[in-house]
Amino acid sequence: MKVGLLILFPTIAHAQRQMAAKLTSFIDPIIGSAKHGHVFVGANVPYGAVQLGPNNIFEGWDWCSGYNYSSNNITGFAHTHLSGTGIGDLGDISIMPATGRVLLEKGKKDNLELGYASTFSHAKEVAKAGYYSVWLDRYDIKAELTATERVGFHQYTFKPGSENPHLMLDLIEGIGWDSPVASSLKQLDAYTLVGYRNSKGWSADQRLYFVIKLSQPIKSLKIYSGNQLQPNTDVQGKELKAVIDLARLPQHVLQVKVALSPVSTDNAILNLKTELPGWDFKATVKQADAKWEKQLQKVKIEANAATKRVFYTALYHTMVAPSLFNDVNRDYLGTDKKVYKNANFNNLTTFSLWDTYRAAQPLFTILHPEKVSDVINTMLAIYKQQGKLPVWHLMGSETNTMIGYHAVPVIVDAYLKGYRGFDVSLAYEAIKQSAMQKTEGIAYIQQLKYIPADKVNESVAKALEYAIDDYCIAQMALALNKREDYAYFSKRAKLYQEYFDPQTQFMRGKLADGNWRTPFSPFASKHREDDYTEGNAWQYIWLVPHDVEGLVKLFGSEKSFVTKLDSLFSVPFQFSKESSPDISGLIGNYAQGNEPGHHIPYLYNYVGQPWKTADLVRQIDREFYTDKPDGLCGNEDVGQMSAWYVFSAMGFYPVNPANGAYVFGSPLLNEASIALPGNKKFNIKVTNNSTVNKYIQKITLNGKPYTKSYILHKTIMAGGNLQFYMGSKPSPTFGVAVADRPISNLSH
């Protein structure tokens with residue numbers, strides 16, 4: 001017995017160490033599901049095509065992902081979801097287990113009994129990385145979900161003695177704007193259904209094929225077109241739903257596997273056979289968890305438990321998309337609606353580029369270098385298929401949502417950081433073509449003129465975003481020794497100056513006759529119907545991350561610049577009924593809840609006052625990032641809101657999204673270690689870090705003094721040790737000298 005105990009104790013200790021080290025335990029998918037976070041809640045794997053989760057009865061904007069924490073009802077479990085967007089779509093192929101009398105409608109919030117929806121309690125809900133479960137009160141059914149990349153796996157445990165157990169299959173209703181165009185459903189055998197669902201919504205032409213495999217035989221299948229029962233089990237129609245009656249339920253458990261494909265039912269079947277041939281639900285949950293754990297292990301941190309929950313959930317949210325839009329054999333559906341066979345890259349979808357170019361994509365270049373070429377090759381394929389790079393691409397269709405041509409900084413940043421897994425000549429052709437379109441005021445920019453506010457809506461915001469993209473084109477032109485293009489696009493990158501009114505010190509709309517638009521209020525915001533995009537003049541003065549020095553000069557002096565910047569964070573925002581709902585997370589007029597301002601707290605470094613950046617980073621962390629359901633102050637926006645946190649927690653942020661530099665702020669962690677290619681690591685250690693000690697006193701890099709208030713991408717990727725020394729008062733020297741401040745044109 002003594003020998004046995006000696007063997008047992010180390011085994012237990014090892015198991016405990018393994019459990020303690022598990023980073024997925026810090027993920028809470030419920031964070032950001034309340035108020036305006038709009039995050040996806042359910043089961044998925046990193047960048048998977050399937051996001052399997054519950055849908056509530058849709059109640060408006062805050063249900064864009066299908067789920068909001070304020071709801072207590074579930075209408076079914078659908079296989080595709082967006083995360084953090086401001087527009088609702090997807091929600092394909094909803095399955096709802098039920099018992100008793102068959103009801104064909106979902107029901108309404110104020111009268112659930114008329115439909116098959118069920119109430120639930122958050123007390124009986126579990127959300128983890130790769131796993132979701134909930135107790136359906138109405139039916140006494142435990143619903144459990146997990147997923148592979150292309151397969152959703154359901155497990156339903158019915159109460160013993162349940163009357164008439166069945167499944168409701170809904171191919172009609174999606175989320176938000178989504179509505180069906182054409183559907184089909186066919187029973188292949190006693191266990192298998194196949195079909196497709198074509199729909200329109202935010203993404204105009206969505207085509208999705210599926211196979212549904214049950215663990216128990218189907219007793220009967222009733223297919224309805226509209227509310228009309230069809231005479232057979234092979235039906236095509238615009239609005240289809242079905243009732244699947246079950247023959248038997250051994251151990252009262254039913255398992256359902258649903259594989260998706262953008263190409264064909266045959267490929268959906270192939271995806272199912274390849275990714276999930278068996279029926280081991282627990283093993284699939286474990287595998288999903290392991291996939292998340294592998295990605296989270298890329299950044300190991302030391303911090304308190306609450307900070308770990310916020311950090312790792314944020315990191316998790318950055319890896320929901322871009323999501324796979326191909327099959328296991330690399331077939332995919334192009335933007336031109338042609339099928340491309342056996343591609344040499346993984347085709348992706350869900351590109352929220354107006355948001356993610358700012359920080360989510362730069363973070364991607366550090367943490368997921370093996371996937372960067374898939375992103376760029378997908379963009380170049382889209383360029384060839386639709387004649388331009390993606391703007392906001394979703395499910396094989398261009399939504400043309402938001403402004404700018406922000407595939408450009410993503411491609412340029414990758415190129416300048418040394419990525420070459422794509423056709424460089426085609427990439428340059430594509431980014432240049434983006435800037436030579438004739439839409440949305442770009443024709444004025446091509447002539448090196450300002451965009452007239454009375455000719456083009458959102459003229460100021462568009463022009464400022466174009467200037468950022470044009471700066472990026474200039475940098476790639478320079479790297480490729482295209483001198484004429486470099487000179488031309490460098491001039492375009494300076495056109496932001498045309499909108500600066502020195503009298504008011506705001507960026508303003510300028511009319512075709514050369515006069516400023518009047519009346520003018522820097523507080524005014526009319527959602528998507530004025531000179532700005534989801535913001536006001538206070539928020540748009542600062543959208544010049546590619547030329548902060550030039551922006552400072554417009555103010556006449558650093559003192560004047562700082563005075564205005566201080567005012568941004570102190571002058572109260574003035575709400576009106578026309579204000580954009582995206583303006584949230586306010587500190588004065590600064591809006592952390594909307595992406596165009598995410599770089600602004602870091603601008604103080606450019607004028608030698610890094611302690612003010614530190615104050616703001618800590619305030620934003622304290623007020624707007626928590627481990628509660630309402631822990632995000634605005635839309636997650638497909639990873640950008642969380643990318644800000646991940647970067648800022650590590651102590652730096654990419655103000656300029658394509659110059660390969662990260663500006664220091666105030667690290668929220670005690671330690672971080674980033675795993676890099678070649679078994680290298682970039683280690684961050686923070687000495688004397690606390691709520692009070694928030695100011696950087698000095699930094700060492702690989703044991704040597706480091707005086708710059710920024711660090712280069714190439715330095716991080718080389719591996720090494722960065723140490724922050726913190727204090728309770730601003731340092732009189734760190735980041736103050738002009739030579740130590742970040743500048744816009746830094747070398748990669």
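Values below: all heavy atoms of this structure, side chains included; hydrogens, waters and symmetry mates excluded.
- Partner of Glu558 under the salt bridge (Lys or Arg N to Asp or Glu O under 4.0 Å) criterion, out of Lys553, Arg741, Lys564: Arg741 alone.
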I would like to know whether Ser261 and Asp327 meet side chain to side chain donor-acceptor pair (under 3.5 Å); could you show each step before the answer?
CA-CA 6 Å; Ser261 166; Asp327 296 319; 2.9 Å; yes
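- A donor atom on one side chain and an acceptor atom on the other are found under 3.5 Å apart for Ser560 and Gln505.
- Tyr450 contributes a side-chain N or O that, together with a main-chain N or O of Leu511, makes up a donor-acceptor pair within less than 3.5 Å.
- Annotation: cation-pi geometry not satisfied between Arg508 and Phe500 (NZ/CZ under 6.0 angstrom from ring centroid, within 45° of ring axis).
- Going from atom CD of Gln437 over to atom CD1 of Ile445 covers 13.0 Å, rounded to the nearest 0.5 Å.
- One finds the CZ atom of Phe520 at 10.5 Å from the CG atom of Asp530 (value rounded to the nearest 0.5 Å).
- In this model, no donor atom of one side chain and acceptor atom of the other lie less than 3.5 Å apart for His393 and Thr378.
- A donor and an acceptor atom, one from each side chain of Tyr499 and Ser459, are nowhere located under 3.5 Å apart.
- Around NZ of Lys491, the count of heavy atoms belonging to other residues, nucleotides or ligands within 6.0 Å does not exceed 12.
- For Arg358 and Glu595, the salt-bridge test fails: no basic side-chain N is under 4.0 Å from an acidic carboxylate O.
- With Tyr47 as reference, His368 is the one residue of Gln295, Glu149, His368 to meet the side chain to side chain donor-acceptor pair (under 3.5 Å) rule.
- The distance from the CG atom of Asp485 to the CG atom of Leu478 is 11.0 Å, given to the nearest 0.5 Å.
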What's the verdict on side chain to side chain contact (heavy atoms under 4.5 Å, CB included) for Val375 and Lys371, showing C-alpha distance, side-chain angles and the deciding distance?
CA-CA 7 Å; Val375 171; Lys371 296 181 184 295; 5.6 Å; no
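- When side chains are defined from C-beta on, Ile403 counts as touching Trp354, because their heavy atoms get closer than 4.5 Å.
- A side-chain donor from one of Arg150 and Asn326 sits under 3.5 Å from a side-chain acceptor of the other.
- Closest approach of Leu380 to Ala427, counting heavy atoms only: CD2-CA, 3.7 Å.
- Counting heavy atoms from C-beta outward, His527 and Asp582 have side chains that approach closer than 4.5 Å.
- Asp355 contributes atom CG, which lies 6.5 Å from atom CD of Gln640 (distance to the nearest 0.5 angstrom).
- Considering only heavy atoms from C-beta on, Pro601 comes within 4.5 Å of Ile620 through its side chain.
- Here the side chain of Asp374 pairs no donor or acceptor atom with the backbone of Leu348 at under 3.5 angstrom.
- Applying the salt bridge (Lys or Arg N to Asp or Glu O under 4.0 Å) test to Asp89 and every residue at least two apart in sequence or in another chain returns nothing.
- Of the possible polar contacts, none joining the Asn635 side chain to the Asp637 backbone as a donor-acceptor pair under 3.5 Å is found.
- In this structure, a donor-acceptor pair under 3.5 Å is absent between the side chains of Thr318 and Ser642.
- Interatomic distance, Met395 CE to Leu208 CG, rounded to the nearest 0.5 Å: 5.0 Å.
- Lys384 places no side-chain N or O within donor-acceptor distance of the main-chain N or O of Met379, the cut-off being under 3.5 Å.
- What you find for Ile583 and Gly535 is that their closest heavy atoms are CD1-CA, 3.8 Å.
- No hydrogens or angles considered: nothing links the side chains of Glu440 and Tyr466 as a donor-acceptor pair under 3.5 Å.
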Run the ring-ring contact (aromatic ring centres under 6.0 Å, His included) check on Tyr340 and Tyr332 step by step: do they pass?
CA-CA 5 Å; Tyr340 290 82; Tyr332 73 91; 5.3 Å; yes
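- Side-chain atoms of Tyr357 and Glu465 include a donor-acceptor pair closer than 3.5 Å.
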Intermediate values then yes/no, side chain to side chain contact (heavy atoms under 4.5 Å, CB included), Leu394 and Trp202:
CA-CA 8 Å; Leu394 177 61; Trp202 183 14; 3.9 Å; yes
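- Between the side chain of Trp61 and the main chain of Gly86, a donor-acceptor pair closer than 3.5 Å is present.
- Shortest non-hydrogen contact noted between Gly593 and Met641 is O-CE, 3.4 Å.
- In this structure, Leu603 and Val655 approach most closely via the heavy-atom pair CD2-CG1, 4.1 Å.
- Checked against Tyr662 for a ring-ring contact (aromatic ring centres under 6.0 Å, His included), the options Tyr710, Tyr653, Phe647, Phe682 give a single hit: Phe647.
- Looking only at atom types and distance, the side chain of Glu458 has a donor-acceptor partner in the side chain of Thr533 under 3.5 Å away.
- Proximity of a side-chain donor or acceptor of Glu398 to a complementary backbone N or O of Val391 within less than 3.5 Å is detected.
- By the 6.0 Å contact criterion, NZ on Lys337 is enclosed, its count of non-hydrogen atoms from other residues, nucleotides or ligands being greater than 12.
- Within the 3.5 Å criterion, the main-chain N or O of Thr365 finds a donor-acceptor partner in the side chain of Tyr419.
- Here the side chain of Asn329 pairs a donor or acceptor atom with the backbone of Asp331 at under 3.5 angstrom.
- A salt bridge links Glu370 with Lys298: at least one charged nitrogen is closer than 4.0 Å to a carboxylate oxygen.
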Going through the distances and angles, do Leu480 and Val424 end up as a side chain to side chain contact (heavy atoms under 4.5 Å, CB included)?
CA-CA 10 Å; Leu480 294 173; Val424 173; 4.1 Å; yes
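- Shortest non-hydrogen contact noted between Asn536 and Ser525 is CB-CB, 4.3 Å.
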Check against ring-ring contact (aromatic ring centres under 6.0 Å, His included), Trp542 and Phe561:
CA-CA 10 Å; Trp542 318 102; Phe561 177 85; 5.5 Å; yes
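- Here CD1 of Ile711 is found 5.0 Å from CG of Leu722. Values are rounded to the nearest 0.5 Å.
- Among all heavy-atom pairs drawn from Phe345 and Asn377, the shortest one is CG-CB, 3.7 Å.
- Between the side chain of Arg420 and the main chain of Tyr415, a donor-acceptor pair closer than 3.5 Å is present.
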Applying ring-ring contact (aromatic ring centres under 6.0 Å, His included) to Tyr590 and Trp538, what does each step give before you reach the verdict?
CA-CA 8 Å; Tyr590 172 74; Trp538 267 113; over 10 Å; no
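- The 12-atom threshold is not exceeded at CD of Glu484, counting heavy atoms of other residues, nucleotides or ligands nearer than 6.0 Å.
- Ring geometry for Tyr496 versus His546: interplanar angle over 60°, hence perpendicular rather than tilted (30 to 60°).
- At least one donor-acceptor pair closer than 3.5 Å links the side chain of Asn594 to the backbone N or O of Glu534.
- For Glu549 and Ser744, the side-chain atoms include at least one donor-acceptor pair closer than 3.5 Å.
- The local environment of NZ in Lys200 is sparse, with at most 12 non-hydrogen atoms from other residues, nucleotides or ligands closer than 6.0 Å.
- If you check the side chains of Asp178 and Ser199, you find a donor sitting under 3.5 Å from an acceptor.
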